[in-house]
Amino acid sequence: MRERGRTRRLLGLGARTGGALIRTRMGGQADWRALGEALFEGLSELKGPAMKLAQIMSQWDDLLPPDLAEELARLQRQAEPMPWAGIRRTLVAQYGDLEAVFAGIEETPFASASMGQVHRATTREGETLVLKVQYPGLAEVLESDLAQVRRLMRLGRWFKVPQARLDALFEELAASLRGELDYHAEAEALARYRARYAHLDRLVIPEPLVALSGERVLAMRYEPGTPLRELEAGNDALRQRVAQTLADWITEELFTHGELHADPHAGNFAVNDRGQLVVYDLGAVIPVPEARLVAMMRLLEATLAKDPMAMDEALLKLGGRQGQGAPLALYREAAEAVEPLFRPGEQDFGDVRVHRRLRELSPKVWAAMDRLQPPADTLLLSRTLNGHYWNLVRLGARLDMDARTRPLFAGRYA
């Protein structure tokens with residue numbers, strides 16, 4: 001990756017997308033599809049921080065115009081792969097003579113992401129595994145890329161995103177990307193999660209192969225599966241089983257272990273032919289302190305009670321409310337929007353009425369950001385939970401959230 005060339009292309013991409021937004025603000029018709037196509041073409045080639053930012057944005061199904069969200073979502077499914085020659089150099093640096101270690105490595109990746117891509121390989125002993133290979137030179141250009149992404153993110157003002165939200169999002173993005181470069185930490189997370197959730201027979205975590213892994217290559221046993229997005233129109237019984245598994249796992253992550261898989265985009269999940277949920281990519285795992293869980297549960301309890309004063313008190317303790325004047329009317333609307341999902345009995349996450357209310361609520365939340373300024377760790381946690389929520393929506397989940405939350409309110413989080 002040549003730093004100077006990347007900088008020019010990032011700035012050029014910012015100029016093109018900024019120009020499109022300016023034309024829209026001056027009264028032109030917004031062509032969100034064209035804007036999304038331009039972002040896809042530029043970012044899928046650039047990889048790194050800018051592409052990661054677009055992947056994060058694509059999870060905001062409730063906020064972005066549908067055409068723009070769909071184009072950005074392609075970055076999770078169809079990102080342009082890095083040419084094999086560069087990937088091969090990284091593999092040679094790790095293994096030396098590739099033919100001595102592998103019977104074969106597929107040159108075409110079956111997954112391409114923002115920080116690396118995944119190639120299937122066969123060992124000399126005939127075992128199939130996958131190699132997650134970090135893009136060549138990414139570590140060297142990361143900080144330069146982040147500086148340019150900070151400039152690009154100023155475009156968020158055209159969406160009327162408050163500067164506080166942009167700054168918090170940038171800090172989250174920077175910390176996440178720096179962490180994703182550490183393949184040793186990801187291998188440790190895979191091993192930890194495999195041991196921790198071995199009792200969940202409906203969940204599969206790929207096994208890391210430490211002897212074949214290094215600083216820029218992570219080797220894992222191959223765990224095939226159908227991507228989560230492709231289940232949306234599939235068998236309902238399978239989707240409900242997968243949704244139950246996902247919800248059970250997230251609950252145990254948070255309330256038993258105080259940790260959370262923090263990269264919830266749908267490309268990181270699949271379902272194998274035994275109906276098990278496969279979780280890929282543990283490059284982003286965050287601790288969730290018990291004090292924050294207590295504050296979150298108090299906020300949820302106040303929300304379900306439709307008590308705006310208690311909601312404000314809980315937000316203050318959470319660190320998500322600053323300034324003067326509690327937006328009580330906004331709290332009431334938020335409670336009305338969220339409460340239907342927590343009524344007794346199974347509730348449909350595919351209910352479009354809930355989505356509509358959340359979509360209508362989002363601009364009002366952003367408009368109140370002078371009083372609602374979440375710290376970066378709260379933003380990361382809320383983005384992660386929001387991403388998991390939308391995965392449940394895509395599955396058409398029907399869950400009894402009242403039964404799930406009542407024991408938590410009655411226990412140590414009361």
Side-chain angles (χ1 to χ4, degrees), residues 1-2 44-45 47-48 51-52 76-142 177-198 203-227 261 263 267-270 272-274 276 278-285:
M1 294 185 177
R2 295 183 178 178
S44 66
E45 181 182 358
K47 311 292 186 185
M51 182 176 170
K52 187 71 175 185
Q76 298 177 11
R77 308 191 301 268
Q78 313 173 25
E80 290 297 317
M82 176 74 70
W84 168 248
I87 296 297
R88 191 179 191 282
R89 282 194 295 272
T90 300
L91 292 172
V92 169
Q94 169 66 31
Y95 301 111
D97 182 4
L98 297 182
E99 287 70 25
V101 181
F102 301 103
I105 302 175
E106 295 181 4
E107 296 186 10
T108 301
F110 71 88
S112 300
S114 58
M115 306 291 279
Q117 61 194 39
V118 182
H119 291 257
R120 200 159 25 216
T122 305
T123 66
R124 302 297 299 180
E125 295 72 33
E127 182 180 8
T128 301
L129 48 82
V130 294
L131 304 174
K132 180 178 177 181
V133 186
Q134 194 174 113
Y135 292 127
L138 188 58
E140 289 74 20
V141 301
L142 177 61
L177 287 173
R178 291 173 184 132
E180 284 191 40
L181 293 180
D182 188 347
Y183 279 8
H184 294 298
E186 183 172 357
E188 291 173 1
L190 285 165
R192 183 170 70 252
Y193 268 54
R194 280 177 56 81
R196 179 184 292 169
Y197 301 108
L203 187 73
V204 174
I205 308 290
E207 180 184 355
L209 303 173
V210 177
L212 289 173
S213 299
E215 187 175 353
R216 292 185 173 86
V217 181
L218 175 59
M220 296 168 281
R221 295 198 191 281
Y222 177 50
E223 294 288 353
T226 301
H261 175 285
D263 196 358
N268 283 338
F269 300 91
N272 65 21
D273 57 8
R274 298 183 297 280
Q276 296 169 300
V278 184
V279 181
Y280 303 121
D281 198 336
L282 268 75
V285 175

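The two residues Glu223 and Pro206 come nearest to each other via the heavy atoms CG-CA, 4.0 Å. Heavy-atom minimum distance, Ile105 versus Ala121: CG1-CB, 3.9 Å. What you find for Tyr95 and Ala219 is that their closest heavy atoms are OH-CB, 4.3 Å. When all heavy atoms are compared, the tightest approach of Arg88 to Glu99 is NH2-OE2, 3.9 Å. In this structure, Gln117 and Pro109 approach most closely via the heavy-atom pair NE2-CG, 3.8 Å. Closest of all the heavy-atom pairs between Arg194 and Pro208 is CD-CD, 3.9 Å.
Using a 30° and 60° split on the angle between ring planes, Phe269 and His261 fall in the tilted class, from 30° to 60°.
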Checking side chain to side chain contact (heavy atoms under 4.5 Å, CB included) for the pair Asp281/Lys132: CA distance, chi angles, key distance, verdict? CA-CA 9 Å; Asp281 198 336; Lys132 180 178 177 181; 3.3 Å; yes
Please determine whether side chain to side chain contact (heavy atoms under 4.5 Å, CB included) holds for the pair Val92 and Leu98, giving the CA-CA distance in whole Å, both sets of side-chain angles, and the decisive distance to 0.1 Å. CA-CA 6 Å; Val92 169; Leu98 297 182; 4.0 Å; yes
Can you list the steps and then say if Leu282 with Arg192 is a side chain to side chain contact (heavy atoms under 4.5 Å, CB included)? CA-CA 10 Å; Leu282 268 75; Arg192 183 170 70 252; over 6 Å; no
Step by step, work out the side chain to side chain contact (heavy atoms under 4.5 Å, CB included) result for Leu203 and Tyr193. CA-CA 10 Å; Leu203 187 73; Tyr193 268 54; over 6 Å; no
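Just one residue in the list Val118, Val133, Leu131, Leu190 forms a side-chain contact (heavy atoms from CB on, under 4.5 Å) with Leu218, and that residue is Leu190.
Counting only distance, with no hydrogens or angles, the side chain of Arg120 and the backbone of Thr108 share no donor-acceptor pair below 3.5 Å.
For the atom pair OH (Tyr135) and CD1 (Ile87), the distance works out to 6.5 Å, reported to the nearest 0.5 Å. Within the model, atoms CD of Gln134 and OG1 of Thr90 stand 8.0 Å from one another, a figure rounded to the nearest 0.5 Å. In this structure, the separation between CG on Asp263 and OH on Tyr280 is 14.5 Å, given to the nearest 0.5 Å. The CD atom of Gln276 sits 11.0 Å away from atom CD1 of Ile205, with the distance rounded to the nearest 0.5 Å. Rounded to the nearest 0.5 angstrom, Glu186 CD and Glu180 CD are separated by 7.5 Å.
The number of heavy atoms from other shown groups lying within 6.0 Å of CD (Glu215) does not exceed 12. Heavy-atom contacts from other residues, nucleotides or ligands closer than 6.0 Å to CZ of Arg89 number 12 or fewer.
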